[in-house]
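When a residue number appears, it is its place in the shown sequence, counting from 1. What you are looking at is a predicted structure, and each value in this text was computed from that prediction instead of being measured.
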Amino acid sequence: LVQKLFASAPFGEAPDFAARFREAVLKTQREAKQETSWTAQNAPFEAALLDAADAMVAERHLIDPLEDVTRAGAVIGLGQAALKTVGRRTPDIYQGTLGWDLSMVDPDNRRPVDFAAEAQLVAHAREADPQSLIRNWTDGAIKARVLLEGLALRQQRPGLFRRGTVREVPVEGGLGRVRAFCLEDGADQLLVALCVRPLAHLGTGAALRFDDSFEIFLAQPIVAGVTGRRLAAGSHDLGAILSGFPVLLAKSGGVAQVC
């Protein structure tokens, strides 16, 4: 139950969260069929269970010391969003999940989608500068921006995603903490890099901070999505790049190798 609370607790105010948490907890226990079930309900146990659920929601500030774990999870989520858009033949994005989705089991994850709110989130994500997205990461705009960048790349370069092959790009000193790969179709290429173990490298908000360097070699200049940063050919510190924005989606000019 503590894990469920930690994973689903809203970043801001959510007046309906207590009722949603009660429903999810009750469903989980009935389907576990240990102390209660849908066909043989244990009323005293369920009453005690729901009292415990209410108490947990009321005291959820006790999980505040786990904030760094939450932020690390957000950075991993951004990497997953990037991989969802560029690492699959067909991206699978559920309606209502452009921002952070902290839904619990059904029916909680089947609530009506607020399309007006989604449209506002998209507009904000497109207009906000990278540092604002990092600083205000809990509003979900940073995740929406990563998804939008990846989907835009698919639209701009359909041939790359139809015919492209993937290869890992060496990162000197990465030690499994940062990884990079290249999607390529001849001269047309896309470089993707992310931090897979961010907990020890958290900065402020959703930012990353590295005390050591991770060298990556580029054979051709590239342009990073979101930040618009241009990277010349040669060796670069990938840690410094990811400190500017926690996920790198960078495209070539389509005329030569980049990685």
Side-chain angles (χ1 to χ4, degrees), residues 75-76 78-87 125-135 137 142-143 145-198 200-259:
V75 173
I76 292 172
L78 295 177
Q80 291 175 329
L83 294 176
K84 178 179 289 191
T85 57
V86 303
R126 284 175 170 158
E127 296 171 359
D129 65 88
Q131 291 308 306
S132 174
L133 293 172
I134 290 172
R135 188 169 53 251
W137 66 274
I142 189 171
K143 179 192 170 188
R145 181 66 173 271
V146 170
L147 290 172
L148 292 169
E149 289 286 336
L151 293 174
L153 285 168
R154 298 186 73 95
Q155 186 178 50
Q156 295 163 8
R157 304 191 173 187
L160 175 63
F161 290 93
R162 283 198 305 268
R163 300 182 298 268
T165 57
V166 177
R167 66 178 175 85
E168 185 173 7
V169 178
V171 180
E172 185 176 341
L175 300 175
R177 291 173 288 175
V178 293
R179 304 296 291 268
F181 69 87
C182 195
L183 178 63
E184 54 190 359
D185 176 33
D188 197 7
Q189 299 190 345
L190 168 68
L191 175 65
V192 180
L194 46 88
C195 180
V196 295
R197 296 179 180 174
H201 305 289
L202 295 174
T204 303
L208 293 171
R209 180 183 65 233
F210 298 94
D211 296 325
D212 43 6
S213 61
F214 312 111
E215 187 175 287
I216 189 170
F217 180 78
L218 306 177
Q220 174 76 14
I222 58 175
V223 180
V226 183
T227 64
R229 180 178 178 181
R230 296 180 179 274
L231 302 171
S235 296
H236 291 269
D237 180 2
L238 184 56
I241 296 170
L242 292 176
S243 294
F245 195 80
V247 174
L248 175 65
L249 292 171
K251 59 184 178 181
S252 68
V255 295
Q257 266 198 336
V258 300
C259 49

Test item: I241 and H236 side chains (from C-beta on) under 4.5 Å apart, heavy atoms:
yes
From NE2 (H201) to CG (D212), nearest 0.5 Å
6.5 Å
Any side-chain heavy-atom pair of V178 and I216 under 4.5 Å
no
Kindly compute the distance separating CZ (F181) from CG (L190), expressed to the nearest 0.5 Å.
7.0 Å
Does any N or O in the side chain of R145 come within less than 3.5 Å of the main-chain N or O of A128, such that one atom is a donor and the other an acceptor?
yes
Residue pair S243 / F210: nearest heavy atoms and the distance that separates them
OG-CD1, 3.7 Å
Q156: which residues meet the side chain to side chain donor-acceptor pair (under 3.5 Å) condition with it, sequence neighbours left out?
K251
Identify the heavy atoms of L249 and A82 that sit nearest to each other, and give their distance.
CD2-CB, 4.2 Å
Could you work out, with side chain to side chain donor-acceptor pair (under 3.5 Å) as the rule, every residue matching R135, not counting sequence neighbours?
none
Would you compute the distance between atom SG of C195 and atom CG of L248 and round it to the nearest 0.5 angstrom?
13.0 Å
For L191, does its backbone N or O pair with a side-chain atom of E184 as donor and acceptor, under 3.5 Å?
no
Does D185 reach the main-chain N or O of D188 with its side chain, forming a donor-acceptor pair under 3.5 Å?
no
Straight-line distance of R177 CZ to L242 CG, nearest 0.5 Å:
12.0 Å
Which heavy atom of V75 sits nearest to which heavy atom of P246, and what is that distance?
CG1-CB, 4.3 Å
Side-chain donor/acceptor pairs under 3.5 Å, residues 222-233, sequence neighbours excluded:
from	atom 1	to	atom 2	distance (Å)
T227	OG1	R229	N	3.2

Atom CD1 in I76, atom CG in L83: separation rounded to 0.5 Å?
11.5 Å
Measure across S235 and E215 and return the closest heavy-atom pair with its distance rounded to 0.1 Å.
OG-OE2, 3.6 Å
Specify the closest pair of heavy atoms between I142 and A206, including all atoms of both residues, with the distance to one decimal.
CD1-CB, 4.2 Å
Determine whether a donor-acceptor pair (N or O, by modelled atom type, separation under 3.5 Å) exists between the side chain of R154 and the backbone of F161.
no
Is a side-chain N or O of S252 found less than 3.5 angstrom from the main chain of Q189, in a donor-acceptor match?
yes
Nearest 0.5 Å, please: how far is CZ in R167 from SG in C182?
5.0 Å
Would you call L160 and L183 a side-chain contact if the rule is heavy atoms closer than 4.5 Å?
yes
Steps toward side-chain contact (heavy atoms from CB on, under 4.5 Å) verdict (L78, F245):
CA-CA 10 Å; L78 295 177; F245 195 80; 5.5 Å; no
Is D237 reaching over with its side chain to a backbone N or O of F214, donor-acceptor style, under 3.5 angstrom?
yes
